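Heads up: the structure comes next, in C-alpha cells.
Since this is a predicted model, take the numbers as computed values, not measurements. Each ligand, and each atom within it, is numbered from 1 in the order the structure gives.
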Amino acid sequence: VLPKFDWERFLRTHHVDAAPSGARQVVVHCPFCGPDDPSHHMSINLDGRGWRCWRAPESHFGRAPTKLVQKMLGCTIEEALRITGADAPPPPPTSEALVANLARLRGQAAPAPTRPRRLVLPEKFHPLTQDDERSEPFWHYLTEVRGYRASEARWLAEAYDLHWAVTGPYAWRLIFPVRDRYGDLLTWTARAVGATAKLRYKQPPDDLARTPAPRTLLGLDWLWRAPDPRVLVLCEGPLDATRITVSGASMGVWATCLFGLNLSADQRDLILELAAARFPRVALLLDATADRDRLRIARQLTPLRLALPRLPPGSDDPGELTAAQAAQLCLEMLD
Ligand SMILES: [Zn+2]
C-alpha cells in the first residue's frame, strides 16, 4: 500500500488554481484537455480515491496521482514518481531473464548471465584513506611524482575513493573505482605507480566489468551531485581529470575523463545528459599534441558548443599542470 499522497500540499506548493467542490474534493483545470477545458473540469479526491475529468470521464481519470502530477507539471514519469512518493515500477525483464525463463520451460539449465549484477572491489584493494604503512608509495606517487600538495592528495583519496594494491594482478597500482551516478561500481582503472610497468593503466576484462571504462565516465556520482556545477571538463585520463577537479571544484569546474582519445556513443549520451541537466558549459581539454582528436571529438559532440581551452605555453599535458596553472585555466574556462 502506498503512502497517501498529500494533494492539498501539492496543489498549494505548485500554485495550482483549485476550487473546493464538496467535501474532500477539489476541481482544477484539466491538463489533459488543455485549452479545451474552459474552466475546472478535473475533479480530485483529496483522500486519494482518484481523479476524473468531467469533460472526458472515460479517458481522463485515474486512482494513483502519478499520471496527473506528471501532466500537470510537464515532467518526466520518473520525477512524477519521486514527487508522489511511489517507487519506480520494476524494470522490464531483460533479454537474459527471458532467455533463462524460456530455457527453464524447456527443461534446460539457464545459461550463465553474461554480466555480474553487482560488482565489488577485490579484497586485495585497500582504501588510500585508511591508515596503512604499505600505502606510503602511493602517497609518494601523488605528492612527489604527480606534484599534488598533501592536502590535495588527501582530498583526491577521499573524493575519488582511491584504492591501492601491493599483491595480485593490480599490485603497485593506484586504483580509481568507476561508478555510475548512483554510486554502484561499474569497473575500475589502475594506474601503475612505478616507472617500469608496460601498461600505464590496467582495467578488468570486459566480461568482468559491469560497464567497461570506455563506455562510461569517471566520477559520475560526483558530477550528478556536485554543488553549483558550472563547467564540465572532458579529459583523456583520470590523472588529467583529478588535476582539474582538485583545483576547480570550489569554482564549479569539474572534470571527467574518456579513458582514452575516443568518444563512445554511451559517453556521448552521458555528456549530453549532464550538459542538459546540470552543466551550462562543457570544455574539452586534451594533450597539446592531440589536435586531430580534439576536432573529431568536438564534432561528435555537436550540438554542444564546446569550449576548447588552451594549455599554458610550455605544458602539453593537463595532468602535469601545477596547481596554480590548473586554477588559472579553470578561471579562464569560467569566463
Ligand atoms: Zn479532461
Side-chain angles (χ1 to χ4, degrees), residues 1-98 101-102 180-184 217 220-221 223-230 232 265-282 301-305:
V1 178
L2 296 174
K4 204 183 80 182
F5 179 56
D6 190 343
W7 270 115
E8 284 163 295
R9 180 163 184 276
F10 171 82
L11 297 170
R12 196 171 57 243
T13 54
H14 289 85
H15 308 289
V16 178
D17 181 25
S21 159
R24 308 299 298 153
Q25 199 82 15
V26 295
V27 286
V28 301
H29 181 77
C30 174
F32 299 97
C33 289
D36 291 339
D37 179 0
S39 59
H40 296 70
H41 281 81
M42 174 59 73
S43 174
I44 302 171
N45 181 277
L46 297 174
D47 291 326
R49 295 213 185 84
W51 42 273
R52 190 179 293 273
C53 166
W54 300 115
R55 285 195 74 253
E58 246 92 281
S59 47
H60 301 166
F61 76 97
R63 192 178 171 89
T66 311
K67 211 170 94 184
L68 181 55
V69 164
Q70 184 200 4
K71 193 72 184 172
M72 285 171 115
L73 301 183
C75 64
T76 64
I77 191 73
E78 287 78 19
E79 282 169 310
L81 285 164
R82 192 177 51 72
I83 289 164
T84 57
D87 285 327
T94 62
S95 57
E96 281 145 35
L98 292 173
N101 280 345
L102 206 61
D180 67 13
R181 64 184 280 189
Y182 306 104
D184 286 332
L217 298 171
L220 277 175
D221 46 347
L223 299 176
W224 277 100
R225 64 190 163 94
D228 191 25
R230 289 162 188 266
L232 174 65
D266 295 294
Q267 288 173 330
R268 179 176 188 275
D269 290 347
L270 292 167
I271 292 164
L272 294 181
E273 220 183 336
L274 280 163
R278 307 214 71 211
F279 288 88
R281 271 186 203 194
V282 182
L301 279 168
T302 38
L304 286 184
R305 293 227 328 269

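Atoms SG of C33 and SG of C30, as seen from the Zn ion (ligand 1), are separated by an angle of 110°, to the nearest 10°.
None of the N, O or S atoms belonging to H41 lies under 2.8 Å away from the Zn ion (ligand 1).
Rounding to the nearest 0.5 Å places CZ of F32 at 12.0 Å from CG of D37.
Counting all heavy atoms, side chain and backbone alike, F5 lies closest to I83 at CE1-O, 3.7 Å. Pairing each heavy atom of R55 with each of P38, the nearest pair is CD-CD, 4.1 Å.
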Item to check | Candidate pair H40 and D17, rule side-chain hydrogen bond (donor to acceptor under 3.5 Å, both in side chains), full reasoning | outcome: CA-CA 9 Å; H40 296 70; D17 181 25; 3.0 Å; yes
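Take the N/O/S atoms of H60: the one nearest the Zn ion (ligand 1) is ND1.
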